[in-house]
Amino acid sequence: MPNRKNSFIDAMSESLVQSMQKDKNVVILGEGVTDVKGIFNSTNAALKKFGHQRVIETPVSENALTGIQLGMSLLGKKPILMHARVDFSLLGFDQLINNASKWHYMFGGEMNVPMVIRLIIGRGWGQGPQHSQSLESVFSHFPGLKIVVPSTAKDCKGLMAASIFDKNPVVFIEHRWLHYYSSNFSKKFYKIDLNNSIDIKKRGKDLTILSSSIMLIESLKAAKILKKYDIDIEVLDLRVLRPLKLDKLYSSLKKTKKFIFVDNGWKTFGIGSEIFANILEKNIFLKNIPKRLACKDYPTPSSPHLNKGYYVTIKDICNEVCKCLSVKKNIKSKILNECEHIMSKVPHDLPDLNFKGPF
Amino acid sequence: MPNRKNSFIDAMSESLVQSMQKDKNVVILGEGVTDVKGIFNSTNAALKKFGHQRVIETPVSENALTGIQLGMSLLGKKPILMHARVDFSLLGFDQLINNASKWHYMFGGEMNVPMVIRLIIGRGWGQGPQHSQSLESVFSHFPGLKIVVPSTAKDCKGLMAASIFDKNPVVFIEHRWLHYYSSNFSKKFYKIDLNNSIDIKKRGKDLTILSSSIMLIESLKAAKILKKYDIDIEVLDLRVLRPLKLDKLYSSLKKTKKFIFVDNGWKTFGIGSEIFANILEKNIFLKNIPKRLACKDYPTPSSPHLNKGYYVTIKDICNEVCKCLSVKKNIKSKILNECEHIMSKVPHDLPDLNFKGPF
Amino acid sequence: MKINKLEKLKNLHELTRIRIIEEEIAKEYKNQEMRCPVHLSIGQEAVPVGVSRVLTKKDYIVSTHRCHAHYIAKGGSIDALIGELYGKESGTCKGIGGSMHMYDKKVNHIASVPIVGGSIPIGVGIGYAIKINKSKQVSVIYFGDAATEEGVFFESLHFAALKKLPIIFVCEDNKYSVYTSRYERHGKRDIKKLIKSMDVKFIETKENDVEDIYKKSLIAKKHAILNGPVCIYSKTYRYLEHCGPNNDDNLEYRPKKEIEYWLKKDPIELEIKKLKKIKIFNDEEYLTFCNSIRRKFISSIIKTKNTKSLSIKKLENLEYAK
Amino acid sequence: MKINKLEKLKNLHELTRIRIIEEEIAKEYKNQEMRCPVHLSIGQEAVPVGVSRVLTKKDYIVSTHRCHAHYIAKGGSIDALIGELYGKESGTCKGIGGSMHMYDKKVNHIASVPIVGGSIPIGVGIGYAIKINKSKQVSVIYFGDAATEEGVFFESLHFAALKKLPIIFVCEDNKYSVYTSRYERHGKRDIKKLIKSMDVKFIETKENDVEDIYKKSLIAKKHAILNGPVCIYSKTYRYLEHCGPNNDDNLEYRPKKEIEYWLKKDPIELEIKKLKKIKIFNDEEYLTFCNSIRRKFISSIIKTKNTKSLSIKKLENLEYAK
Ligand SMILES: Cc1ncc(C[n+]2csc(CCOP(=O)(O)OP(=O)(O)O)c2C)c(N)n1
Ligand SMILES: Cc1ncc(C[n+]2csc(CCOP(=O)(O)OP(=O)(O)O)c2C)c(N)n1
Ligand SMILES: [Mg+2]
Ligand SMILES: [Mg+2]
């Protein structure tokens, strides 16, 4: 079957439906999973095909829902709990951290907890302090959890399937803006190995960028611009944050010897911290002083006037690359101009020109 | 007034009482704060002096309590909420993270949230997976929070007072085993500046150890042993994790050029990660490949047979120092023997020889 | 208790004022310059108006994502509301929070937050502080029907009852949590018995009837101050989509009959009918009133568009209180 | 319903068996070789014995920090219990969890956890899976009076009622949360009305009366399977300290009169009295029974002390299920 170019949401929807078809124990739970919008149109197909017995509407009770999901998994169900914003999952932290993450381990390794928590990161159109947190590094601290952060439609499909059929609790974090991107992927059911943290999204020789999720997309855009100026970036997609396997990063760094990390969240005690610590401990030789590009270290302001500059942009990325590679001034200013030109096409607080507020 | 050698709990108790005396808005809340044990005997004196109006027994409702505390602070109270174990605070993460940490910021900077959450880390005597987590790095990720981790009685007194009178939400994390240590401190009320992350606990020239809380104490013990063999360690106490100010670390590293970090929690996405990332980004020159000594990356097993080797010991520290400094084999084995001898005096799962289980 | 004519007129004016402002926001929103989510209260005005009539500026309120009506009824500044929608420094939160975050110390609207149930314990803490301070205020906590599914709601009721705090819990039950109806979420739960069993006084109001809500709020306030927490439970209905400026009845998640039922119970229509009956309603005066509100709104919009936003420097300085 | 003589004797034996094991644990604990917290159930045996009589091995239970009696009554292995206390591989959780974590798939004791309220939603999830599977089991959720203060308790009740799940909530109300009495924590809350208002059937048992609890559990199980969730509410009392092997009445946090009241209501004494009345109690036989339990316990201890603990290698391999 040929691959088709389809959207991130198509990929999600297809992955859910095919997984549910494969195994009748797969069920979906959450607030709004059966409503007309079906979590950004990702659960409607599943509902249509499998009905309310397997796509289950719930009250707004995040902590209980997380425990309920865990209880169901102990009897062989494979529940997927969905929250329309990452921020709501903080209400379920007791069950997720105290129970789910430790369950297999603390009872002696006999029980499995196959469950997925699907969380969506908000951004833009006034998604303010409580609707746009990016808590990956927090989840990633906990032994027993797997943390998955897809960046493309193709990865979304395969990673979600792998998450559903994994025997452990998986936190699946998707960025709302990824919904506006498409890529080619197979119609068939497929899984992507969760033990393979890093995927090489673009080969290059001059500098390595490691990033995840929407920032991986931005990094690729930046790399594309730089390519025109003969700057050849290697772009690595850190799509599984725990278990964390960095061999591909080390190999890449051996080649390029230059490194930038681009984060969608806060810098301090963030994802980049762990990456940098590993580089230091592994004594990886670098020719540049590497930098973590990240959100400002305060909550997202709602106002578009205030959150301009809050997130890392392709211009920030290109700027940092130019610095690292000591790109000549005139070339650099051309590059940055091009970035600005591209960025000016869509207001900074919109994922897409066709977007109409509100989310 | 002369300083006296008094215990960590004396320091805590005195700090609470003196702060309550200074300001009638200071109140204590929590499960068990008025019972016969008074949170390890730290609240009894306050209760006796100020009564149930200001030392307030509560139901077991962690999320509401955190919000209630926040609400009280908005009307000028300075509430201190206590949980006998860090792990219980996960139930209050919604209020702490979504609300308290962002409150001052997200409403435009007009409201202050002077509140303290006092959390105690369990260890030993079968404090298993759900009663011994060390979540400092998780709290430290969030803008707006201050994270305080005292290591000595003297620091406890001054840091608690500073936390109570700070205008921001402060997470005050104390290790249960610190209760078995004493130090000299003034009878008078005093505060220790929270903007001063690092305190130099021992000067030295050969290598820098940075650590916190109980592991700072262990590091000092290791340094003392090493001193006998003319190995001169500088021991820095990272007693405020957010806001994080590392200048003293950098100065120390400029001198010693050798570095070890000792953690009481999990390594991955832990405290050490952020420290190491800063060293890399600041391009601090080191002669050794620095290492993060930390707990094993899985939850604490309850059984004493299984948690032997789970926490970092003075032997682990000395061993790592010897490696970094290429200490001669015969000296190293003497040092390690001495460590073993000291460690053999108290079973590894007890804080003190006089301890009788259970906690 | 009898409500005099002046008060009756005032009720109508308040209902109307909120309606017009929300309608104007909906219109203006379509220009895509208010760049944040908005949860409009059109149809639900009776509760905040009725409740606010018994509150002074010193009484406290906390509320939810659907907070405009609470804020306006409490006496909040329209300029500050609009400022927040436009993300300007003149906004209630200087643009940092957006539509779902209200704060105004001038009228003690302490906070609205968009995490469902998130402000409930905070209102309880305020009630506790009031009690400790022995000041004669109340703490009013607005929340929707979905918030009664969150554990923190129960923890909060429990604590308020235990400590006998001067709190009015106000449940605006518009029957929906986004697109999901109460039946699908609450089954056979009996909210009245539930609240009472927790030792919180329960008062149900007539639907969308501002006078009834006003009267019952008076009772509630007295009870809260003298004896402890009360819950006012009030069924109502929103006319527009959950979030945004449009009518979404085309999606058909709400039965036609139900919509018709509630449109017939429009709080403003109800009030006008009553006033007409006792002959204190004057068409012309009312029209003049409406026009003046609309004019003020439009001038506020124009003014706001020209004001500046917070400087980034100031913003970056806000992580901590100093 | 009548309980026959054999069953009556079995009840007494079960109560006694649990009592003796817990007493022996208390004695043995003083040697400081069981190096984990223990929350003993002495005095509280009637509830788990009565409830377990209506359960098969296939029915599920989840429980709390105070879990020994639940586990033993469900038919759990004494060797595995002791193994866990000693931190050995033979333990219910291979020594990883300790006394507050029980798990045994042989008797479907799915889990005990020491976070108050922590296992409640998990029991609800189990109930949901049972319902989906259409297997005729029940999910039993044990919890203490303090757990009814946690939000998750309400969320769980709510969900169970909404989906009509085959769940028996069992509240063992021993009046204390550590040292704090129910009066200080619950005020005038009415648990019966509360549970009923949430559309969960409420059944209160006689205090410490195993026969009554047994009978009511039968009703509860039937109801749970046919109609949905039930809450068995049972007042009882612990004799020893909250955590540890000692009596702590010297601390005087519990009124003398109250202690006396409950000692007179000892579940075993109550049962012996009843059996004596109908003349089926034989002193000698009973003594023999007790001694055999004690002997078994002691041999289990000796055996356990000589068994090995889990290898660190295996432990380190347990972060993830493979
Ligand atoms: C903790 C949490 N869970 C889910 C949401 C998503 N959400 C936003 S509004 C809403 C429905 C709220 O319904 P209700 O409380 O009845 O208020 P209404 O919108 O009807 O006024 C939900 C579920 C949220 N904001 N917070
Ligand atoms: C979430 C949480 N908060 C606090 C504690 C501390 N704690 C341990 S046992 C206990 C009391 C439990 O009382 P109850 O539920 O009545 O059970 P009992 O001990 O009386 O059997 C408390 C508060 C805890 N373990 N978990
Ligand atoms: Mg609603
Ligand atoms: Mg109890």
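Order of the sequence lines fixes the chain letters, A, B, ..., with proteins taken first and strands second; residue numbering starts at 1 for each chain. Just so we're clear, the structure is a prediction, and the values are computed from it rather than from any experiment. Below, each value reflects all heavy atoms present in this structure, side chains not excepted, and no hydrogens, waters or symmetry copies.
- For residues 90-100 of chain A, the interface with chain B (any heavy-atom pair closer than 4.5 Å) comprises A/Leu90, A/Leu91, A/Phe93, A/Asp94, A/Ile97, A/Asn98, A/Asn99, sorted by residue number.
- We find the CD1-CZ distance between B/Ile279 and A/Phe276 to be 13.0 Å, quoted to the nearest 0.5 Å.
- With a 4.5 Å cut-off on non-hydrogen atoms, B/Ile271 touches chain A through its backbone and its side chain both.
- Of the two parts of B/Tyr105, only the side chain, counted from C-beta on, holds a non-hydrogen atom closer than 4.5 Å to a non-hydrogen atom of chain A.
- Of the listed residues B/Ala277, B/Pro143, B/Gly272, B/Gly144, the one with more heavy-atom pairs under 4.5 angstrom with chain A than any other is B/Pro143.
- For a residue to count as touching a neighbouring chain, one of its non-hydrogen atoms must lie under 4.5 Å from one of that chain's; by this rule A/Asp297 touches chain B with backbone and side chain alike.
- With respect to chain A, the highest number of heavy-atom pairs below 4.5 Å among B/Pro129, B/Pro299, B/Ser140, B/Ser137 belongs to B/Pro299.
- For B/Thr300, the part sitting under 4.5 Å from any heavy atom of chain A is the backbone (N, CA, C, O) and nothing else.
- Heavy-atom distances place no part of B/Glu62 under 4.5 Å from chain A, backbone and side chain included.
- For a residue to count as touching a neighbouring chain, one of its non-hydrogen atoms must lie under 4.5 Å from one of that chain's; by this rule A/Leu280 touches chain B with backbone and side chain alike.
- For B/Lys257, the NZ atom sits in a packed shell: over 12 heavy atoms of surrounding residues, nucleotides or ligands are nearer than 6.0 Å.
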Practice prompt. Output, in order, the C-alpha distance, side-chain angles, deciding distance and verdict of side chain to side chain contact (heavy atoms under 4.5 Å, CB included) for A/Phe269 and B/Val138.
Written response: CA-CA 8 Å; A/Phe269 296 97; B/Val138 169; over 6 Å; no
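- B/Arg292 touches chain A through backbone and side chain together, each having a heavy atom under 4.5 Å away.
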